[in-house]
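To start, the structure under review is shown below, and the notes come after it.
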Amino acid sequence: MPCVAAQMRASLCRLSAHAATAMQPQPQPADCLRPSLRRRQAVLCQAASTLSSNSQPGAALGVQVEREEVPYYAQGSEFLTSLGFRNASEISRVLDIAMNPNSLYLQDRHKRRSVNSSARRLSVQDDMQPVCHFLQSQGLSEQEVVEVVSKHPPVLSYSVDHRLQPFMSYLKDIGIAEPAKAVLQRPTLLGLDADKNLKAIVGYLQDNGHSAEEICHLLQTSI
């Protein structure tokens with residue numbers, strides 16, 4: 001019944017509109033980036049090489065980048081490279097979305113600016129490694145973790161104990177046998193917080209008579 005499906009989809013969109021972090025970041029071609037974003041990207045790509053320098057990072061490009069940022073980006077770059085990332089521009093995009101609350105890389109599906117509310121300076125040891133190890137513990141290979149992080153960079157800034165573990169547990173509770181595979185299929189699912197919006201979406205579907213199988217299918221394909 002197309003009309004019913006369309007109405008349900010519209011209602012779900014309204015219900016989850018406030019979940020800004022669920023919106024998928026859209027990488028843009030380098031020649032379409034704003035000049036300020038191109039300059040920041042260049043600065044981040046140079047972070048590792050400027051770490052040992054006494055000069056101000058980005059000064060030659062006319063960009064002010066706090067020197068305190070450089071070790072975080074340099075160490076994050078090394079970690080992502082060891083994980084399997086190979087493209088410097090992609091690494092700088094991922095790190096900027098994960099650590100910069102005002103990242104220009106974030107857009108929602110309607111090309112509007114989105115926000116990663118968890119963005120902050122991330123420690124490899126305390127933040128990035130635990131997230132990646134957790135995803136691997138859930139059944140993803142290292143290459144699959146790279147794919148998930150690339151498609152949803154904010155995941156690097158999520159708490160394992162307070163966000164990712166409850167999220168995976170809730171997916172199991174509603175009948176998704178392999179939550180990690182669902183995440184691999186649709187990494188932006190991680191933008192939903194189990195307590196803040198995912199339970200509300202599932203509750204809405206249950207109230208409208210959808211079976212557990214239908215809800216699992218919708219979560220993995222269209223919500």
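One is the number of the first residue; the rest follow in order along the sequence. Just so it is clear, the values below take in all heavy atoms, side chains as well, and ignore hydrogens, waters and symmetry mates.
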Quiz prompt | Enclosure of E214 CD (heavy-atom neighbours >12, cutoff 6.0 Å) | solution =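 Buried by this count: over 12 neighbours within 6.0 Å.
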Quiz item: Above 12 or not: heavy atoms from other molecules or residues under 6.0 Å from NZ of K172?
Solution: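 12 or below, so no.
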Are any of the side-chain heavy atoms of [X] and [Y] separated by less than 4.5 Å?
{"X": "N116", "Y": "P101", "answer": "no"}
{"X": "L95", "Y": "Y72", "answer": "no"}
{"X": "D193", "Y": "R163", "answer": "yes"}
{"X": "L122", "Y": "S157", "answer": "yes"}
{"X": "M168", "Y": "L135", "answer": "yes"}
{"X": "Q185", "Y": "T221", "answer": "yes"}
{"X": "L164", "Y": "V155", "answer": "yes"}
{"X": "P153", "Y": "R93", "answer": "yes"}

Practice problem: Evaluate side-chain contact (heavy atoms from CB on, under 4.5 Å) for I201 paired with L218, printing each intermediate quantity in order. | Solution: CA-CA 11 Å; I201 291 172; L218 287 169; over 6 Å; no
Which heavy-atom pair separates [X] from [Y] by the least distance, and what is that distance?
{"X": "D161", "Y": "P166", "value": "O-CD, 3.3 Å"}
{"X": "V124", "Y": "P130", "value": "O-CD, 3.9 Å"}
{"X": "V148", "Y": "V183", "value": "CG1-CG1, 4.1 Å"}
{"X": "L184", "Y": "E144", "value": "CD2-OE2, 3.4 Å"}
{"X": "S82", "Y": "F79", "value": "OG-O, 2.6 Å"}

Supply the atom-to-atom distance [X] [atom1] to [Y] [atom2], rounded to the nearest 0.5 angstrom.
{"X": "K151", "Y": "L190", "atom1": "NZ", "atom2": "CG", "result": "12.5 Å"}
{"X": "M128", "Y": "D126", "atom1": "CE", "atom2": "CG", "result": "11.0 Å"}
{"X": "F85", "Y": "E78", "atom1": "CZ", "atom2": "CD", "result": "15.0 Å"}
{"X": "S211", "Y": "H217", "atom1": "OG", "atom2": "NE2", "result": "10.5 Å"}
{"X": "Y73", "Y": "L80", "atom1": "OH", "atom2": "CG", "result": "11.5 Å"}
{"X": "Y170", "Y": "L192", "atom1": "OH", "atom2": "CG", "result": "11.0 Å"}

Exercise. Applying side-chain hydrogen bond (donor to acceptor under 3.5 Å, both in side chains), run through E90 and S150 and close with a yes or a no.
Key: CA-CA 8 Å; E90 175 69 358; S150 179; 2.5 Å; yes
Quiz item: Where do M99 and R120 land on the side-chain contact (heavy atoms from CB on, under 4.5 Å) test, with the steps shown first?
Solution: CA-CA 4 Å; M99 290 200 261; R120 63 192 186 282; over 6 Å; no
Practice problem: Scan L205, V202, L198 and name whichever one has a side chain to side chain contact (heavy atoms under 4.5 Å, CB included) with I174. | Solution: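 The residue from L205, V202, L198 that satisfies side chain to side chain contact (heavy atoms under 4.5 Å, CB included) with I174 turns out to be V202.
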Exercise. Check step by step if side-chain contact (heavy atoms from CB on, under 4.5 Å) holds for Y105 and N100.
Key: CA-CA 10 Å; Y105 286 106; N100 178 12; over 6 Å; no
Self-check item: Any donor-acceptor pair under 3.5 Å from D96 side chain to S92 backbone
Solution: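 No: the side chain of D96 does not pair with the backbone of S92.
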Quiz item: Can you check side-chain hydrogen bond (donor to acceptor under 3.5 Å, both in side chains) on H210 and Y204, steps first, answer last?
Solution: CA-CA 9 Å; H210 290 277; Y204 173 85; over 6 Å; no
Practice problem: Carefully, step by step, assess T81 and I91 under the rule side-chain contact (heavy atoms from CB on, under 4.5 Å). | Solution: CA-CA 8 Å; T81 299; I91 289 172; 3.4 Å; yes
Exercise. Would you check if there is a donor-acceptor pair between the side chains of Q165 and S169 at a distance under 3.5 Å?
Key: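 Result is yes, a qualifying pair exists.
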